[in-house]
Amino acid sequence: MKKPVEIAVTGAAGQISYSLLFRLASGEAFGFDQPVILRLLEVTPALPRLEAVIMEINDCAYPLLQTIITTDDPKVAFDNVDYVFLVGAKPRGAGMKRKDLLESNAKIFSEQGKALNEVAKRSVKVLITGNPANTNALITQRNAPDLDPKCFSAMSMLDHNRGIGQLAEKCHVRSEDVKNMIVWGNHSETQYPDLNHATVEGKSALSLVDEDWIINTFIPTVQHRGGQVIEARNGFSSAASAASAAICQMRSWIVGTEINDWSQWISMGIFSDGSYGIEKGLFYSFPVTVSPQGEVNIVQGLEISDFSRKKMQATEQELKEERATIEHLL
Ligand code: NAD
Ligand code: LMR
């Protein structure tokens with residue numbers, strides 16, 4: 001029997017967690033031979049609601065689940081943890097932009113960054129989902145100066161998977177036939193879903209779909225999908241697909257992209273090293289591969305058209321503006 005891995009999830013009584021926790025406990029994310037310990041963080045008033053979720057998890061009798069710890073103290077939740085899903089944050093409602101959440105959510109991530117800095121394993125992998133995810137990742141990382149910036153990533157996999165879904169539907173293929181999707185930049189309406197390097201059943205996507213569809217349908221659909229889901233769900237944001245993307249990103253980060261089931265490249269919001277001229281230190285979504293040891297490498301050498309360059313810079317600019325509004329927390 002392997003030694004259990006310790007996984008912290010924040011916002012554990014919320015919508016995304018209602019899908020995520022069951023899949024973590026089942027073994028889907030960390031392997032069907034990997035025992036897990038769940039360390040669940042909630043705000044104090046939500047702890048009774050969390051108890052109800054735990055009743056249901058227990059009713060599943062998951063063989064790999066060793067222990068569940070619940071707490072309203074981030075230092076207890078993150079004590080010696082291996083993996084962290086930072087989900088707990090306010091979601092936006094209809095008519096809001098994700099960056100409108102900065103004011104209410106930023107403080108959560110500065111506090112949790114400090115707690116991670118103090119008590120998490122030095123090899124911890126922290127995935128930031130709470131919105132606006134990229135700038136929250138920046139806040140968390142900057143408040144955890146003793147941890148390597150590579151310990152943090154912002155979630156781009158929902159956008160990446162949305163892009164794959166749209167292209168697969170258009171080309172009447174299965175999602176696994178689509179490779180090398182890219183989402184550049186911020187998890188926001190300025191993100192740039194890029195099909196220039198994508199393939200469908202080994203053929204260039206650009207040879208199968210026309211430019212008009214890419215510019216007027218594909219890009220805006222992926223950019224605005226979150227808002228469309230909120231409208232369709234009468235004010236509630238995506239939850240099951242977000243949990244799925246979180247598992248997809250964390251699992252790829254752990255086992256590598258060579259053997260995962262999803263894609264050869266994935267998109268991850270990571271600490272920019274300056275690749276493609278993107279300012280160093282911003283959390284920006286890049287196309288990456290991950291080695292079996294968990295080392296994340298930005299796909300280098302891609303040809304960037306003028307159209308793409310402008311889109312990549314626009315989303316970079318938005319990240320700089322978001323950073324300026326929370327400078328005091330860095
Ligand atoms: P939700 O309101 O259902 O749940 C959020 C939970 O977080 C609540 O139970 C709340 O009590 C808890 N919480 C608030 N402050 C906390 C804190 N300081 N510590 C611990 N827990 C805290 O929301 P949800 O639908 O689960 O969404 C959560 C976040 O994820 C939102 O910000 C949403 O916009 C974001 N989201 C991001 C993506 C993405 O692709 N990055 C996708 C979907 C949703
Ligand atoms: C999403 O993309 O579905 C989430 O970020 C929720 C939102 O506010 O759009």
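Computed from a predicted structure; not experimentally measured. Counting starts at 1 for both ligands and their atoms, in listed order.
The heavy atom nearest to atom 28 (C) of ligand 1, out of those in Leu41, Asp72, Val87, is found in Val87.
Among all non-hydrogen protein atoms, the one lying nearest atom 5 (C) of ligand 1 is Ala89 O, 3.5 Å. For atom 23 (O) of ligand 1, the nearest protein heavy atom (residue, atom name, distance) is Pro91 CG, 3.5 Å. Protein heavy atom at the shortest distance from atom 32 (O) of ligand 1 is Lys90 O, 2.9 Å. For atom 4 (O) of ligand 1, the closest heavy atom belonging to the protein is Gly14 CA, 3.2 Å. Shortest contact from atom 16 (C) of ligand 1 to any protein heavy atom: Val43 CG1, 3.4 Å. In this structure, atom 39 (C) of ligand 1 lies nearest to the protein heavy atom His187 NE2, 3.3 Å. Given atom 3 (O) of ligand 1, the protein heavy atom at minimum distance is Gln15 N, 2.8 Å. If you check which protein heavy atom lies closest to atom 41 (N) of ligand 1, you get Thr129 O, 3.0 Å.
The closest approach between a heavy atom of Gln112 and any atom of ligand 1 is below 4.0 Å. A heavy-atom separation below 4.0 Å is not found between Glu111 and ligand 1. In this structure, Ala239 does not count as a contact residue of ligand 1, since none of its heavy atoms falls inside 4.0 Å of the ligand.
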Please determine whether ring-ring contact (aromatic ring centres under 6.0 Å, His included) holds for the pair Phe271 and Tyr284, giving the CA-CA distance in whole Å, both sets of side-chain angles, and the decisive distance to 0.1 Å.
CA-CA 7 Å; Phe271 185 89; Tyr284 188 96; over 10 Å; no
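Of all the atoms in ligand 1, the ones that sit under 4.0 Å from a non-hydrogen atom of Leu158 are 40 (O), 42 (C). Less than 4.0 angstrom separates some heavy atom of His187 from each of these atoms of ligand 2: 1 (C), 2 (O), 4 (C), 5 (O). Ligand-side atoms of ligand 2 in range of Ser237: 6 (C), range being under 4.0 angstrom from any heavy atom. The ligand atoms of ligand 2 that sit less than 4.0 angstrom from a heavy atom of Arg92 are 7 (C), 8 (O), 9 (O). Distances below 4.0 Å separate heavy atoms of Ala242 from the following atoms of ligand 1: 42 (C), 43 (C). Listed by number with element, the atoms of ligand 2 under 4.0 angstrom from any heavy atom of Gly226 are 1 (C), 2 (O), 3 (O), 9 (O). Those atoms of ligand 1 with a heavy atom of Met155 less than 4.0 angstrom away are 39 (C), 40 (O). Residue contact check: Arg98 has heavy atoms under 4.0 Å from atoms 1 (C), 2 (O), 4 (C), 5 (O), 7 (C), 8 (O), 9 (O) of ligand 2. Ligand 1 places these atoms under 4.0 Å from at least one heavy atom of Ile108: 15 (N), 18 (N). Residue-ligand proximity, Ala13 to ligand 1, at heavy-atom distances under 4.0 Å covers atoms 9 (O). Counting the atoms of ligand 1 from 1 in the order shown, those under 4.0 Å from a heavy atom of Arg49 are 9 (O).
Considering both main-chain and side-chain atoms, Glu42 comes within under 3.5 Å of ligand 1 through a nitrogen or oxygen pair. For ligand 1, one of its N or O atoms has an N or O atom of Ile16 under 3.5 Å away. Any N or O atom pair closer than 3.5 Å counts here, and Gly11 shares at least one such pair with ligand 1. Considering backbone and side-chain atoms together, Asn131 places an N or O closer than 3.5 Å to an N or O of ligand 1. Checked by distance only, ligand 1 and Thr10 stay at 3.5 Å or farther apart across all their nitrogen or oxygen atoms.
Counting only N and O atoms by type, the side chains of Thr190 and Thr315 include a donor and acceptor under 3.5 Å apart. Side-chain contact of Ser275 with Asp273: a donor-acceptor pair under 3.5 Å is present, judged by distance alone. A donor-acceptor contact under 3.5 angstrom links the side chains of Glu318 and Ser188, judged on distance only. In summary, the side chains of Ser285 and Gln191 do not present any donor paired with an acceptor at a separation below 3.5 Å, with no hydrogens or angles considered. Side-chain contact of Gln313 with Gln317: a donor-acceptor pair under 3.5 Å is absent, judged by distance alone. No hydrogens or angles considered: a donor-acceptor pair under 3.5 Å links the side chains of Ser308 and Asn196. Side-chain contact of Tyr18 with Glu56: a donor-acceptor pair under 3.5 Å is present, judged by distance alone. Between Thr199 and Asn180, the side chains place no donor N or O within less than 3.5 Å of an acceptor N or O (distance only, hydrogens not considered).
Contacts of Ile230 with ligand 2, taken as heavy-atom pairs under 4.0 Å, involve the side chain alone. Only side-chain heavy atoms of Arg162 come within less than 4.0 Å of ligand 2; its backbone N, CA, C and O stay farther off. Residue contacts with ligand 2, taken as heavy atom pairs separated by less than 4.0 Å, involve Asn131 solely via side-chain atoms from C-beta onward.
Both Val255 and Met157 sit in one connected hydrophobic cluster of ILVMFWY residues. Membership requires side-chain heavy atoms under 4.5 Å apart, directly or through other members. Taking hydrophobic clusters as Ile, Leu, Val, Met, Phe, Trp and Tyr residues chained together by side-chain heavy-atom distances below 4.5 Å, Ile230 does not share a cluster with Ile16. Residues Trp265 and Leu158 are members of one and the same hydrophobic cluster, defined by side-chain heavy-atom contacts under 4.5 angstrom among Ile, Leu, Val, Met, Phe, Trp and Tyr. In this structure, Leu116 is not a member of the same hydrophobic cluster as Val9, with clusters built from ILVMFWY side-chain heavy atoms closer than 4.5 Å.
Under a 4.0 Å N-O distance rule, the pair Lys114/Glu118 does not qualify as a salt bridge. Under the 4.0 Å criterion applied to side-chain N and carboxylate O atoms, Arg162 and Asp159 are assigned as salt-bridge partners. With salt bridges taken as basic N to acidic carboxylate O contacts below 4.0 Å, none links Arg92 and Asp100.
More than 12 heavy atoms of other residues, nucleotides or ligands sit less than 6.0 Å from atom OH of Tyr62.
Between Gln300 and Tyr276, the closest side-chain pair of non-hydrogen atoms falls below 4.5 Å.
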